[in-house]
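First the structure, in the form of structure tokens, and then the observations on it.
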Amino acid sequence: MDFKEFFEKGKDLFLPNLSVDMVIIGYENNELKCLLLQIGDKWLLPGGFIFRTESVEEATLRILSERTGLDDPHFKFLAVFGNSNRKFTEEWKPFFKEQGVSWGEDAWFNDRFVTLSYYSLVDIDKTKPVLSDMDTGFAWFDMDALPDMWMDHRDIVHAAKNRLREDVQQEHLTYNLLPEEFTMPQLHQLHQTILGEELDRSRFQKKMLSLDIFERLPKLKKDTPGRNPYRYRIKRA
């Protein structure tokens, strides 16, 4: 769907006043990063709208797959954001003018929107971000060093980071951030990054192995001296 069709027919195609925003989280160089899109001189979260013919879950999966290029991406509901003044007039108006599209205060795009936010954990190396007609660029940003962002999108990122910190202490899902095969030291460092604290390596490894969800792989031969930790992957069903 091109930009003109999106603007002119969106009111009839999508559920009114409702959007989906995704905090797509990756892990690189011992940093948690999130994927942001650029429009003009500001950045925003990948997102989209819900077709009248699809469920919320179908829309979420479609938007996430379109943005990441992944066939079966991980995602988890985060929260609803819907302040009474949640409108993006100041952000959209100059962009529409640049595109030569007539801007009207009564345009469907200029109404208040409630957003359903989700977070997704991905392997950065497998992710292939895709731009729409409205985006001018994309980049992965350290979640602790975010650029100038649209209205409440920074708050959504912070909420996702805090939720991830809570979730990893209740369930195991961080393997989504790593390659298919990884070492315990890599998993240990990832958890330290997420929690923002040091974890005893021996206790951490014992706890992880006690979950009985990992398959240990044979060690690879090394041509140089030094430690050669076992590699693991999630057990296959």
Side-chain angles (χ1 to χ4, degrees), residues 1-7 9-28 31-39 43-81 88 108-109 113-141 143 146 149-150 152-153 156-157 159-161 163-164 167-168 171-182 190 194 233-234 236-237:
M1 182 185 306
D2 61 27
F3 177 75
K4 185 177 180 180
E5 182 182 11
F6 172 80
F7 180 69
K9 299 181 180 180
K11 184 176 181 179
D12 298 321
L13 293 174
F14 303 112
L15 290 178
N17 305 91
L18 190 63
S19 62
V20 173
D21 282 309
M22 305 295 311
V23 184
I24 301 173
I25 303 173
Y27 179 66
E28 187 178 55
E31 294 177 345
L32 286 177
K33 297 187 175 183
C34 65
L35 178 66
L36 299 181
L37 304 176
Q38 186 176 26
I39 295 182
W43 297 82
L44 70 159
L45 292 168
F49 301 94
I50 303 169
F51 282 108
R52 293 177 182 268
T53 56
E54 64 184 351
S55 69
V56 171
E57 184 171 343
E58 289 171 340
T60 301
L61 184 58
R62 170 182 57 79
I63 292 167
L64 186 53
S65 296
E66 288 174 353
R67 289 304 195 180
T68 65
L70 299 175
D71 294 328
D72 187 24
H74 161 274
F75 67 93
K76 189 171 183 179
F77 179 70
L78 176 61
V80 175
F81 287 80
F88 291 84
W108 72 275
F109 224 71
F113 272 86
V114 172
T115 195
L116 307 176
S117 64
Y118 295 77
Y119 78 80
S120 172
L121 306 181
V122 302
D123 178 355
I124 285 183
D125 291 335
K126 291 184 178 179
T127 306
K128 299 177 176 60
V130 179
L131 296 178
S132 71
D133 290 342
M134 291 182 287
D135 311 318
T136 56
F138 72 85
W140 292 92
F141 285 90
M143 295 180 77
L146 298 171
M149 298 181 67
W150 284 38
D152 61 356
H153 282 201
I156 298 176
V157 173
K161 184 178 180 183
R163 174 65 63 80
L164 177 59
D167 287 349
V168 297
E171 57 183 305
H172 189 67
L173 41 76
T174 52
Y175 62 88
N176 291 287
L177 291 164
L178 295 172
E180 182 178 354
E181 298 179 4
F182 52 85
L190 171 57
I194 292 173
R233 67 184 176 194
I234 295 297
R236 297 173 178 173

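The basis for the numbers below is simple: all heavy atoms, side chains too, and nothing from hydrogens, waters or symmetry mates.
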Fill in the blank from the handout: Residue set satisfying side chain to side chain donor-acceptor pair (under 3.5 Å) with Tyr27, at least two apart, ordered chain then number -> Asn30
Practice task
Nearest 0.5 Å please: distance from the CD1 atom of Ile124 over to the NZ atom of Lys33.
Solution key: 6.0 Å
Exercise for the section: Taking Asp12 for its side chain and Lys9 for its backbone only, find out whether a donor-acceptor pair lies under 3.5 Å. Expected result: no
Practice task
With sequence neighbours left out, write down each residue that passes side chain to side chain donor-acceptor pair (under 3.5 Å) with Thr136, or none if nothing qualifies.
Solution key: none
Practice task
Output all residues satisfying side chain to side chain donor-acceptor pair (under 3.5 Å) with Lys126, sequence neighbours left out; order by chain, then residue number.
Solution key: none
Fill in the blank from the handout: When every non-hydrogen atom of Leu64 is compared with those of Ser120, the smallest separation belongs to CD2-OG, 3.6 Å
Exercise for the section: For Glu57, enumerate each residue passing the side chain to side chain donor-acceptor pair (under 3.5 Å) test, keeping only those at least two apart in sequence or located in another chain. Expected result: none
Fill in the blank from the handout: For Asn17, the side-chain contact (heavy atoms from CB on, under 4.5 Å) test, sequence neighbours excluded, returns Asp111
Exercise for the section: Answer yes or no: is there a side-chain heavy-atom contact under 4.5 Å between Pro179 and Asp123? Expected result: yes
Exercise for the section: Look up atom CD1 in Ile24 and atom OG1 in Thr127, then write down how far apart they are to the nearest 0.5 Å. Expected result: 7.5 Å
Exercise for the section: For Glu66, check side-chain contact (heavy atoms from CB on, under 4.5 Å) against everything at least two apart and list the hits. Expected result: Arg62
Exercise for the section: Apply salt bridge (Lys or Arg N to Asp or Glu O under 4.0 Å) to Glu180 and list each qualifying residue two or more places apart in sequence or on a separate chain. Expected result: Arg236
Handout entry: Separation between CG of Leu173 and CD1 of Ile234, rounded to the nearest 0.5 Å
Key = 10.0 Å
Completion exercise
Rounded to the nearest 0.5 angstrom, the OG-CD1 distance for Ser132 and Ile63 is 11.5 Å
Handout entry: Val122 and Leu35: CA distance, side-chain angles, deciding distance, side chain to side chain contact (heavy atoms under 4.5 Å, CB included) verdict
Key = CA-CA 10 Å; Val122 302; Leu35 178 66; over 6 Å; no
Exercise for the section: Please list, chain by chain and in numerical order, all residues satisfying side-chain contact (heavy atoms from CB on, under 4.5 Å) with Phe77, sequence neighbours excluded. Expected result: Val80, Leu116, Tyr118
Exercise for the section: Kindly compute the distance separating CZ (Arg163) from CD1 (Ile25), expressed to the nearest 0.5 Å. Expected result: 11.0 Å
Handout entry: With sequence neighbours excluded, residues passing side-chain contact (heavy atoms from CB on, under 4.5 Å) with Phe49
Key = Phe6, Phe14, Ser19, Trp108, Phe109, Phe113
Exercise for the section: Determine whether Leu36 and Leu45 make a side-chain contact, defined as any pair of heavy atoms from C-beta on separated by less than 4.5 Å. Expected result: yes
Practice task
State whether the side chain of Arg67 and the backbone N or O of Val130 hold a donor-acceptor pair below 3.5 Å, judged by distance alone.
Solution key: yes
Fill in the blank from the handout: Heavy-atom nearest pair, Ser117 first then Ile156, reads CB-CG2, 3.9 Å
Problem - With sequence neighbours excluded, residues passing salt bridge (Lys or Arg N to Asp or Glu O under 4.0 Å) with Glu181 - result: Arg231
Handout entry: Qualifying salt bridge (charged side-chain N to carboxylate O under 4.0 Å, His left out) pairs with a residue from residues 17-27, counting only residues at least two apart or across chains
Key = Asp21-Arg86
Handout entry: Ser65 versus Pro73, closest heavy-atom pair with distance
Key = OG-CD, 3.8 Å
Practice task
For Val157 and Cys34, work out which heavy atoms get closest and say how close.
Solution key: CG1-SG, 4.2 Å
Exercise for the section: Can you measure from CG (Leu190) to CG (Leu32) and round to the nearest 0.5 angstrom? Expected result: 7.0 Å
Practice task
Please name the pair of heavy atoms, one in Tyr119 and one in Ala160, separated by the smallest distance, quoted to 0.1 Å.
Solution key: CB-CB, 4.1 Å
Handout entry: ring-ring contact (aromatic ring centres under 6.0 Å, His included) partners for Trp140, two or more places apart
Key = none
Exercise for the section: Indicate the atoms forming the closest heavy-atom contact of His74 with Leu121, along with that distance. Expected result: ND1-N, 3.0 Å
